[in-house]
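Atoms considered below: every heavy atom in the structure, side chains included; atoms not considered: hydrogens, waters and symmetry mates. Letters A, B, ... are given to chains in the order of the sequence lines, protein chains preceding strands, and every chain is numbered from 1. All values derive from a computational prediction rather than experimental measurement.
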Amino acid sequence: MDESKNLSKVYEPAAVEEKWYKFWEDNKFFQGKIEKGKEAFSIVMPPPNVTGMLHMGHAMDNTMQDILTRYKRMQGYNTLWIPGTDHAGIATQAKVEAQIKKEGTDRYQLGREKFLERVWAWKEQYGNTITTQLRKLGSSCDWDRERFTMDEGCSKAVREAFVRLYKKGLIYQGNYIVNWCPHCHTTISDIEVEHVEQEGKLYHFRYPIEGSDEYIQIATTRPETMFGDTAVAVHPEDERYQHLIGKFAVLPVIGRKIPIIADEYVEREFGTGAVKITPSHDVNDFEVGKRHNLPEVVVIDKNGKMNENAGPYEGMDRYECREKLIKDFEASGVLVKVDDHTNSVGHCYRCNTVIEPLVSKQWFVKMKPLAEPAMQAAIKGDVRFVPERFTKIYLGWLENIRDWCISRQLWWGHRIPVWYCQDCGEVICETTDPTVCPKCGSHNLQQDPDVLDTWFSSGLWPFSTMGWPEKTPEMETFYPTSVLVTGRDIIFFWVARMLFDALEFTGEVPFKDVLIHGLVLDSQGRKMSKSLGNGVDPLQVIEEVGADSLRFMLITGNTPGNDLRYRTERLEAARNFANKLWNAARFSLMNLEDYTAESSIDPEYQVADKWIMSRFSAVSREVTDLMDRYELGEAARVIYEFAWNELCDWYIEIVKPRLYGKEIPESRYGAQKTLAEIMTSTMELLHPFMPFITEEIWQHLPHEGETIMLSSWPIKDESQIDLKINEQMNLTIEVIRSIRNLRSEMNIPLGKKIEVIINANSKENYAYLNDTLSYITGLASIEKMELKEQLSEKPAQAVTAVVHGIEIYLPLKGLVDIDKEIARLEKELAKMESEIKRIEGKLANKGFVAKAPAEVIEKEKEKMAKYQASKEALLVRLNDYRA
RNA sequence: GGGCGAUUAGCUCAGUCGGUUAGAGUACUUGCUUGACAUGCAAGGGGUCGAUGGUUCGAGUCCAUUAUCGCCCACCA
């Protein structure tokens, strides 16, 4: 163990953090134990992408989880925090595809098997990056239970879940309109589509009516889809078009006949009131098409290019086609006019390509039956969102949910466990790979080429990580988990899906509380993003100021659900706090070198000792309450203020003379004992927030046990809160402040010793101050002090301050400017009078006296008495001067 | 088109059940090489809590209206 003398003046986190993390991990302190009869606390980590890097969002999310986990662990819960990573289908595959592109090849040339080998190799190479980074942050998760969404167990869970849903009829295959990303070359689900308002054009075309000279004018934002038109729709009650319903329009260029139909979906006021219907490339048109049995003509292929149905435009990119078409139609007179028009266009959330809605054969999860129990769980309160307002957002989403398209045309992911018999067409879906068709006996089976949406496996995460579908000890001990901590941006993607999956497969909610936090924004309030280049790297920050400071910065001043701006000033404040703690520890250790917990000396405890212990009791209780309500930012603030203001600025300053001087061993020993205890307890209270520095300091201090992380949460008995002592110290502090203030106003530097006369003006105050006189002389740098219960003769040449009726005189022979002094006292008097007037008004208010709680009234009366006493003292002094 | 959040000191933000003289960090002013810490100490200045109306003995806090900014959701071509 280091000697305190060797502690550097400035805290150096790097070595300390590495040392302790290794110590904790090597000793398996993070491990969740399979124990019966001990209350469990469990969290599953939202799995970061396996090839990802730790960003500020992760740092905040995991700091919150770690704080809760460490807190509960110290409270004696059997604690488990399961870490893990997500295979992140599209993102990871895209990275590897980019890599092999540089080698001049692509996945199709490579083939499925070879390509997957490359992805696994990539995963092996980069998969540890983020878990290493999470360790640097101090995350106390159980690494022995680390999981990966594509490991054997999780894959088994995915398979089981799919088969169960399939057999229940909740997974089905069908030809529907889906969101296709022409760049990622796969379908994506509705929530993976980001709608962006865009300035676009509204093109008006005229289609000739068959067998007539008439035209029908339609308006569209997507001219190129006209080759897929299979009808023109008008509102059934639209008088303008009554005579055309049932007739046919003729598509320009290709000359195909399409019916004019009536459907209430059409808004008469919009455009021309006539809509071209393209069932295979528009979600609404798809619905209309279903209602009217319209054929579906696909005209845009999976690369976003026009196909053979686009006649002369075949092979063109969809936007190229649009341009060409407009030019051609302008010439041929089909184009009537072009209006400016803003509309919302769907983009792929991964690559930002404009989504092409198209009809294709995909797998879907039927949502209504799953959504209902998931909604009920929130309504009944089985699951609770913090802050509560997110319940409404969650419910709103589930209420309007549409079926979930889960098949992805990727290779990296869980392959859909469905086989098709090539001979009889039988569809086989089982938990074990089939080798023979149960219907025709054929061995010619082929597995569905697609993989599942990454979020399909994420939804199972809270229980797949615990070994479901097996009845594992983990499931029995730790499931359902206690709380889920996550960002509000993935409530739909993830939280909702875990809820309906858990209810379906385990019959229980997967977690009781959902703690939602906001985003970490840059200093200007913008989202941190790669493209903006405004992201701050948490690892660099850790390197510079340490993980503790980063954690503290991410937690303080943050409210659940709200965004947090990253500002270097705040980080510096956190770093300064760490340094402050460090130096308080240095001070303590310097003065505890000869300290032993057991001694023949009888400790003498003074007011300050009792006060700091009393304050700690109150603070630890408040912190505990705040933690239990997930008010982590407030809890951190309360500890900060206690440690810096009360402990460092007051207690340590007061206790110095007792520690330095060895003349009264009992007093010194009492101070040592209190200091040792308060420092240790404060480190424990702060440990969940700043695990490294608290461990380092704690280990140097007298302590019991191997590690601070397994010490008991330092909540004190309420009976240790001593209000009388608090009052006495507060009075002492105010007196010291007043004297310091006088010095400052009179320009007397602290170095210069002064003489002070105090007239307590009451028995009680006299007794109080008499007890703490040495603190006053010490902290106000007083050479000669005179304290009287009632001063018979008041000093003539002195400046005066009054606090709670106590008169404080600072004799300054020949230096007192009487006029200035009178002005100063008058100002003070005016202040008192205005306060008195305010309280008088309150107390004169019949309603207040009748309805306010007794203690509130009592408080007001006490204040009144104090102000009155001060006022009178001031008046007397003023009269002396005026006389 | 709906919903949510924010609006408090120059700046960035806390303020939970309505009840001290509304707080912190930072910035600012003044003075300090006080034997833990200048990443520090001491003393200060700085706020009509976005606006209006209401409920209440009492409102930063609750209700209504409204303004500005931000976010989310929604199939008007």
Side-chain angles (χ1 to χ4, degrees), chain A residues 4 7 9-11 191 195 202 218-222 225 233 265-267 269-272 274-278 282-287 341 343-344 357 387 389-390 392-393 396-397 400 488-489 491-492 518-519 521 523 525 527 545 556-559 561-565 567-570 572-591 625-626 629 631 633-634 637 640-641 648-649 652-653 656 660 737 740-745 747-751 779 781 831 834-835 838-839 842 845-853 855-857 859-860 862-863:
Chain A
S4 55
L7 296 186
K9 249 179 152 177
V10 172
Y11 175 55
I191 45 171
H195 292 273
L202 188 63
I218 55 94
T220 180
T221 53
R222 301 204 54 202
T225 63
Y265 149 72
V266 180
E267 296 271 340
E269 293 72 30
F270 190 91
T272 60
V275 192
K276 64 193 260 321
I277 299 297
T278 322
D282 183 278
V283 181
N284 298 305
D285 293 6
F286 181 80
E287 306 285 333
H341 178 66
N343 67 330
S344 142
R389 63 172 188 272
F390 290 105
K392 237 174 91 181
I393 293 172
W397 187 70
N400 301 309
R488 56 148 200 266
D489 48 333
I491 293 176
F492 305 146
L519 272 42
L521 308 173
S523 61
K527 207 169 153 175
V545 300
T556 46
N558 191 2
T559 314
N562 286 9
D563 291 343
L564 179 79
R565 260 189 227 205
R567 310 199 90 231
T568 41
E569 294 99 307
R570 299 188 356 90
E572 274 167 26
R575 180 204 57 180
N576 294 353
F577 181 49
N579 192 56
K580 186 76 184 175
L581 295 169
W582 183 249
N583 278 290
R586 282 180 65 225
F587 168 81
S588 305
L589 295 170
M590 281 176 197
N591 291 286
D625 285 347
L626 289 164
R629 279 181 285 143
E631 297 280 353
E634 271 296 283
R637 207 208 84 235
Y640 176 95
E641 285 184 354
C648 290
D649 289 348
I652 286 184
E653 290 307 322
K656 272 176 181 175
Y660 291 158
R737 285 209 168 115
R740 284 171 170 174
N741 179 281
L742 282 181
R743 295 184 76 120
S744 183
E745 278 189 44
N747 283 320
I748 308 163
L750 258 181
L779 295 198
S781 246
K831 212 166 123 190
S834 92
E835 286 303 318
R838 198 178 52 79
I839 299 172
K842 250 186 175 178
N845 185 330
K846 279 187 198 128
F848 177 73
V849 180
K851 291 184 183 173
E855 50 180 73
V856 172
I857 297 170
K859 258 188 194 168
E860 292 297 324
E862 274 170 30
K863 270 190 288 178

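For the pair A:Thr278 and A:Asp285, the tightest heavy-atom approach, listed with the atom from each and the gap, is N-OD2, 2.7 Å. A pairwise comparison of heavy atoms in A:Ile652 and A:Ala584 identifies CD1-CB, 4.0 Å as the closest pair.
Side-chain contact check for A:Tyr11 versus A:Asn583: every heavy-atom pair is 4.5 Å or farther apart. Looking at A:Phe577 and A:Thr556, their side chains never come closer than 4.5 Å, going by heavy atoms from C-beta outward. By the 4.5 Å heavy-atom criterion applied to side chains, A:Asp489 and A:Lys527 are not counted as neighbours.
Regarding A:Leu779, its CG atom lies at a distance of 11 Å from the C1' atom of B:rA42, rounded to whole Å. Across the protein-nucleic acid pair, A:Asn741 atom CG and B:rU30 atom P stand 17 Å apart, rounded to whole Å. For the pair A:Glu569 CD and B:rA24 C1', the computed distance is 14 Å after rounding to whole Å. If you take CZ of A:Arg565 and C1' of B:rG25, they are 15 Å apart, rounded to a whole angstrom. Atom CD1 of A:Ile491 is separated from atom P of B:rG3 by 18 Å (rounded to the nearest Å). What separates CG of A:Leu742 from P of B:rG31 is a distance of 19 Å, to the nearest Å. B:rC4 atom P lies 11 Å from atom CZ of A:Arg389, rounded to whole Å.
In terms of phosphate contacts, A:Asn576 brings no side-chain nitrogen or oxygen within less than 4.0 Å of OP1 or OP2 of B:rG25. OP1 or OP2 of B:rU26 has not a single side-chain nitrogen or oxygen of A:Arg570 nearer than 4.0 Å.
Remark: A:Glu572 engages A:Arg575 in a side chain to side chain contact (heavy atoms under 4.5 Å, CB included) (not counting sequence neighbours). With sequence neighbours left out, A:Phe390 forms a side chain to side chain contact (heavy atoms under 4.5 Å, CB included) with A:Phe385, A:Pro387, A:Ile393, A:Arg488, A:Ile491, A:Ile516. Applying the side-chain hydrogen bond (donor to acceptor under 3.5 Å, both in side chains) rule to A:Thr225 yields the partners A:Lys276; only residues at least two apart in sequence or on another chain are considered. A:Arg222 meets the side-chain hydrogen bond (donor to acceptor under 3.5 Å, both in side chains) test with A:Glu224, A:Glu356; sequence neighbours excluded. A:Phe848 is linked by a ring-ring contact (aromatic ring centres under 6.0 Å, His included) to nothing, counting only residues two or more places apart in sequence or in another chain. A search for ring-ring contact (aromatic ring centres under 6.0 Å, His included) contacts involving A:His195 returns nothing, not counting sequence neighbours.
Within the 4.0 angstrom heavy-atom criterion, no nucleotide atom of any strand lies near A:Arg743.
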So what does the secondary structure string of RNA chain B come out as, 5' to 3', with Watson-Crick or wobble pairs under 3.5 angstrom, [ ] for crossing and | for pairs with another strand?
(((((((..((((.....[...)))).(((((.......))))).....(((((..]....))))))))))))....
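Taking 4.0 Å as the cut-off between side-chain N and carboxylate O, A:Glu569 and A:Arg567 count as a salt-bridged pair. With salt bridges taken as basic N to acidic carboxylate O contacts below 4.0 Å, one links A:Glu860 and A:Lys863. With respect to the salt-bridge test (charged N to carboxylate O, under 4.0 angstrom), the residues A:Glu641 and A:Arg637 qualify.
Comparing B:rG2 with B:rC62, their P atoms are spaced 24 Å from each other, to the whole Å. Taking atom C1' on both nucleotides, B:rU26 is separated from B:rG40 by 16 Å, rounded to a whole Å. For the P atom pair drawn from B:rG45 and B:rG50, the interatomic distance equals 24 Å after rounding to whole Å. Between B:rG53 and B:rC13, the two C1' atoms lie 29 Å apart (nearest whole Å). Across the C1' atoms, B:rU68 and B:rU30 are found 39 Å apart, a figure rounded to whole Å. When the P atom is compared between B:rU7 and B:rA14, the two are found 7 Å apart, to the nearest whole Å. If you take atom C1' in B:rA59 and the same atom in B:rA64, they sit 15 Å apart, rounded to whole Å. Separating the C1' atom of B:rG18 from that of B:rC49 is a span of 15 Å, rounded to the nearest Å.
Listed nucleotides B:rU39, B:rC11, B:rA42 differ in distance to A:Arg740; the shortest reach to its side chain belongs to B:rA42.
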Polar atom pairs (N or O), protein with nucleotides 15-17 of chain B, under 3.5 Å:
| residue | atom | partner | partner atom | Å |
| --- | --- | --- | --- | --- |
| B:rU16 | O2 | A:Arg629 | NH1 | 2.2 |
| B:rU16 | O4 | A:Glu634 | OE1 | 2.5 |

Enumerate all atom pairs, one protein N or O and one N or O from nucleotides 58-62 of chain B, separated by less than 3.5 Å.
none

Protein and nucleotides 36-38 of chain B: nitrogen or oxygen contacts under 3.5 angstrom:
| residue | atom | partner | partner atom | Å |
| --- | --- | --- | --- | --- |
| B:rA36 | OP1 | A:Lys656 | NZ | 3.3 |
| B:rA36 | OP1 | A:Tyr660 | OH | 2.7 |
| B:rA36 | OP2 | A:Tyr660 | OH | 2.3 |
| B:rA36 | O2' | A:Asn583 | OD1 | 2.6 |
| B:rA36 | O2' | A:Arg586 | NH1 | 2.6 |
| B:rA36 | N7 | A:Lys656 | NZ | 3.2 |
| B:rA36 | N6 | A:Cys648 | O | 3.4 |
| B:rA36 | N6 | A:Glu653 | OE2 | 2.9 |
| B:rA36 | N3 | A:Asn583 | O | 3.1 |
| B:rA36 | N3 | A:Ala584 | N | 3.2 |
| B:rC37 | O4' | A:Asn583 | OD1 | 2.9 |
| B:rC37 | O4' | A:Asn583 | ND2 | 3.4 |
| B:rC37 | O2' | A:Asn579 | ND2 | 3.2 |
| B:rC37 | O2 | A:Lys580 | NZ | 3.1 |
| B:rC37 | N3 | A:Lys580 | NZ | 2.8 |

Using the 3.5 Å cut-off, write out each protein N or O paired with an N or O of nucleotides 64-66 of chain B and the distance between them.
none

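B:rC17 has its base syn relative to the sugar, with a glycosidic angle deviating from 0 by at most 90°.
Within the 3.5 Å criterion, the main-chain N or O of A:Asn558 finds no donor-acceptor partner in the side chain of A:Asn562.
In this structure, A:Lys580 fails the cation-pi test against A:Tyr640, since its NZ or CZ atom is not both closer than 6.0 Å to the six-membered ring centre and inside 45 degrees of the ring normal.
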Each nucleotide of nucleotides 70-77 of chain B classed B (base within 4.0 Å of a protein heavy atom), S (only sugar-phosphate) or -, in 5' to 3' order, makes ---S-BBB
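The 5' end of RNA chain B is approached more closely, in terms of each residue's nearest nucleotide, by A:Gly557 than by the other of A:Gly557 and A:Pro853.
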